[in-house]
Amino acid sequence: MTEEINDLIKGRLQKLDEFKAAGVNPYPYTYNITTNSKEIKDKYEKLEGHDESPEEVSIAGRLMTKRGHGKTCFAHLQDGIGKIQIYAKQEALADSYELFQKLDTGDFIGVKGKVFRTKTGELTIRVVEWQLLAKSVHPLPEKWHGLQDKELRYRHRYVDLMVNQEVKDLFVKRSKIVSQIRKFLEERGFMEVETPLLHVLQGGAAATPFKTYHDALSMPLFLRIAPELYLKRLLVGGFEKVFELGRVFRNEGMSYKHNPEYTMLEVYQAYVDYNHIMEMTEELVTFVLKETLGTLEVEYKGHKLNFKRPWKRITLIDALREHGGVDLTGKNEGEIREIAKKKGIEGANELGFGKLINVLYDKFVEADFIQPTFVIDHPLETTPLAKKKRDDENKVERFELIVAGMEIANAFSELNDPIDQRGRLEKQSNLKAAGDKEAESMDEDFLLALEYGMPPAGGLGIGIDRLVMIATGAESIRDVLLFPHMRPLG
RNA sequence: GACCGGCUAGCUCAGGUGGUAGAGCAUCUGCCUUUUAAGCAGGGGGUCCUGGGUUCGAAUCCCAGGCCGGUCACCA
């Protein structure tokens, strides 16, 4: 067994033997169901008094509660969509009633019978035939309080899902959000693609990668931190609208909004700029919220978020001044470093300039934006893959979408000038050589692709987990991940 | 990584200013033919996270460690 055997498990194992002794296979192969708990409730909603459904139903599920009364027994069966009460009677089941009494909560069974309403008004299946489908040998959590311990809920998510309906509901919602995203993009002519997760080089984002190793080629590899550079190669190849929805891996700490692996959507469209992408981001998010929640007003962590378009736009410089009390207007790099130092930024002189701006921004601004806000036009040094702003050489055409103090999306007018791109990657490369673990690698093949010519394009990345957090009210990213990253026990 | 808090029965939780651990649910036995947190009566179940120390005696106090949560830091 998976742990030391206590009396509860011993008792269940003994019952397992008793079923076998009675000639029952406790783990049979199939069971024919004709319906489910929800269909039954919908179909027989009008059933009254002593009426019975004209036909028998056959359903299967997990026994969640059991209330024996001597010669009768009530129980609740939980299937994939809900719960329904069943009623077993010695008179109707004859010999098999004795075995029915041996069932434990947690067991899977299939039952057959007509539907009636009890005198307390609950639709119930009167069991005429039943079959054990899988014996449970481990006791369920308590029926009233369920499983509360967060650690156990994350580590044993399967138990959390079986006893906490709202957890199941949340992951159903997550799945709907993801399919609505696909629907939105496909309706607009975007094609879903898959690019490598195993990367030879580190690129596409500022993040520390996980390292792995390929034995056959005797070479180190990185788990991808972003699909960006491959998706842009597809623009070079001639695809005009592509997206990828998949996992990325970042070798960083964990927090309520960070998990080392998370789901990212990246979208690229040829012949448009970040202004177009900003519009599309508003459309995408409002479409998804409407389709899944039916509203653009969302309650999150005590805030009433309103996603009605258009969303606020503010330049990063203005955001720093208005929300961070840091005025960088007309300042040169040295003056800005002085300001940062006064604001208590550690290593204000050692950090790269781009990184310094990011630190200022993260520290003084991000948490301040609660309503959906586009922060736009970042300093050039922060963003090596974005095009320079058309009327300001020192900035790039980039936006981040902030909601509830979290970065939800990041996008730019994509840099397609191979000479400029080479220069910027060279700077990254120098930073890397100087010890910056997050700096990007020089990717000669990507540069070669740009040399062939990449059309002007807008690109977008959306953190799906954070979007789901906001749509579901989840306070921690762990609550929207089925199996969040956990330190192993012992 | 720092600080704070938590860890007691399968689950949810009490308790413990140091004297050898409790409740509810679950489980087991008996009674019970429409219950639904079914009921009544009785029973069993513990590495009080781990290791060390202080003590006649540690689940309780002290030290170290583990895991989890929160805050901060790191990190888009």
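Note that these values count all heavy atoms, side chains included, but never hydrogens, waters or copies made by symmetry. Please read all numbers here as calculations on a predicted model, not as lab measurements. Lettering follows sequence order; numbering is per chain, from 1.
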Side-chain N,O (A/R155) to OP1/OP2 (B/C68) below 4.0 Å: yes

Sugar-phosphate only, base, or nothing, as touched by A/R466 at under 4.0 Å among non-hydrogen atoms: sugar-phosphate

N or O in side chain of A/R487 less than 4.0 angstrom from B/G66 OP1/OP2: no

Residue A/L8, side-chain heavy atoms: nucleotide from B/U27, B/C68, B/U34 that is nearest: B/U27

B/A23 pairs with, by Watson-Crick or G-U criteria that keep both distances under 3.5 Å: B/U12

N/O (side chain, A/R250) to phosphate O (OP1/OP2, B/C75) under 4.0 Å: no

Electrostatic pair A/E366:A/K257 at N-O distance under 4.0 angstrom: yes

Phosphate-side-chain proximity, A/N6 and B/G10, N/O vs OP1/OP2 below 4.0 Å: yes

Side-chain ion pair, A/R117 and A/D51, N-O less than 4.0 Å: no

Presence of donor-acceptor pair under 3.5 Å, side chain of A/T72 and base of B/U34: no

Pair assignment for B/G18, Watson-Crick or G-U wobble, requiring both distances under 3.5 Å: none

A/K41 and A/E45 ion-paired at < 4.0 Å: no

Side chain A/D465, main chain A/I477, donor-acceptor under 3.5 Å: no

Sugar-phosphate only, base, or nothing, as touched by A/A207 at under 4.0 Å among non-hydrogen atoms: sugar-phosphate

Between A/Y274 and A/D377: side-chain donor-acceptor atoms closer than 3.5 Å: yes

Sugar-phosphate only, base, or nothing, as touched by A/M406 at under 4.0 Å among non-hydrogen atoms: nothing

Sugar-phosphate only, base, or nothing, as touched by A/F116 at under 4.0 Å among non-hydrogen atoms: base

A/Q90 (side chain) and B/U33 (base): donor-acceptor pair under 3.5 Å: no

Given B/U34, B/U35, B/A73, the nucleotide with the shortest approach to the side chain of A/R126: B/U34

Plane angle bin for A/F249 and A/F210 - parallel if under 30°, tilted between 30 and 60°, otherwise perpendicular: perpendicular

Sugar-phosphate only, base, or nothing, as touched by A/E407 at under 4.0 Å among non-hydrogen atoms: base

Touch class at under 4.0 angstrom, heavy-atom based, for A/D149 against every strand present: sugar-phosphate

Nucleotide of B/C75, B/C68, B/U35 approaching A/M486 most closely (side-chain heavy atoms): B/C68

Under 3.5 Å on both distances, the Watson-Crick or G-U partner of B/C67: B/G6

Sugar-phosphate, base or nothing in reach of A/L147, heavy atoms under 4.0 Å: sugar-phosphate

Assigned partner base of B/U54, Watson-Crick or wobble definition, under 3.5 Å: none

Sugar-phosphate only, base, or nothing, as touched by A/G463 at under 4.0 Å among non-hydrogen atoms: nothing

A/F74, nearest nucleotide to its side chain (from B/C68, B/G10, B/U35): B/U35

Minimum-distance nucleotide (side-chain atoms of A/E151 versus B/U35, B/C67, B/U33): B/C67

Nearest-neighbour nucleotide for the A/D7 side chain, B/A73, B/G10, B/G45 considered: B/G45

Sugar-phosphate, base or nothing in reach of A/E122, heavy atoms under 4.0 Å: base

Pair partner, B/U34 [Watson-Crick or wobble, under 3.5 Å]: none

A/W130 versus A/S96, side-chain donor and acceptor atoms under 3.5 Å: yes

Polar pair under 3.5 Å, donor/acceptor by atom type, side chain A/H258, base B/C75: yes

Any A/K15 side-chain N or O less than 4.0 Å from OP1/OP2 of B/C28: yes

Residue A/K89, side-chain heavy atoms: nucleotide from B/C75, B/U33, B/U12 that is nearest: B/U33

Sugar-phosphate only, base, or nothing, as touched by A/E366 at under 4.0 Å among non-hydrogen atoms: nothing

Sugar-phosphate, base or nothing in reach of A/Y87, heavy atoms under 4.0 Å: base

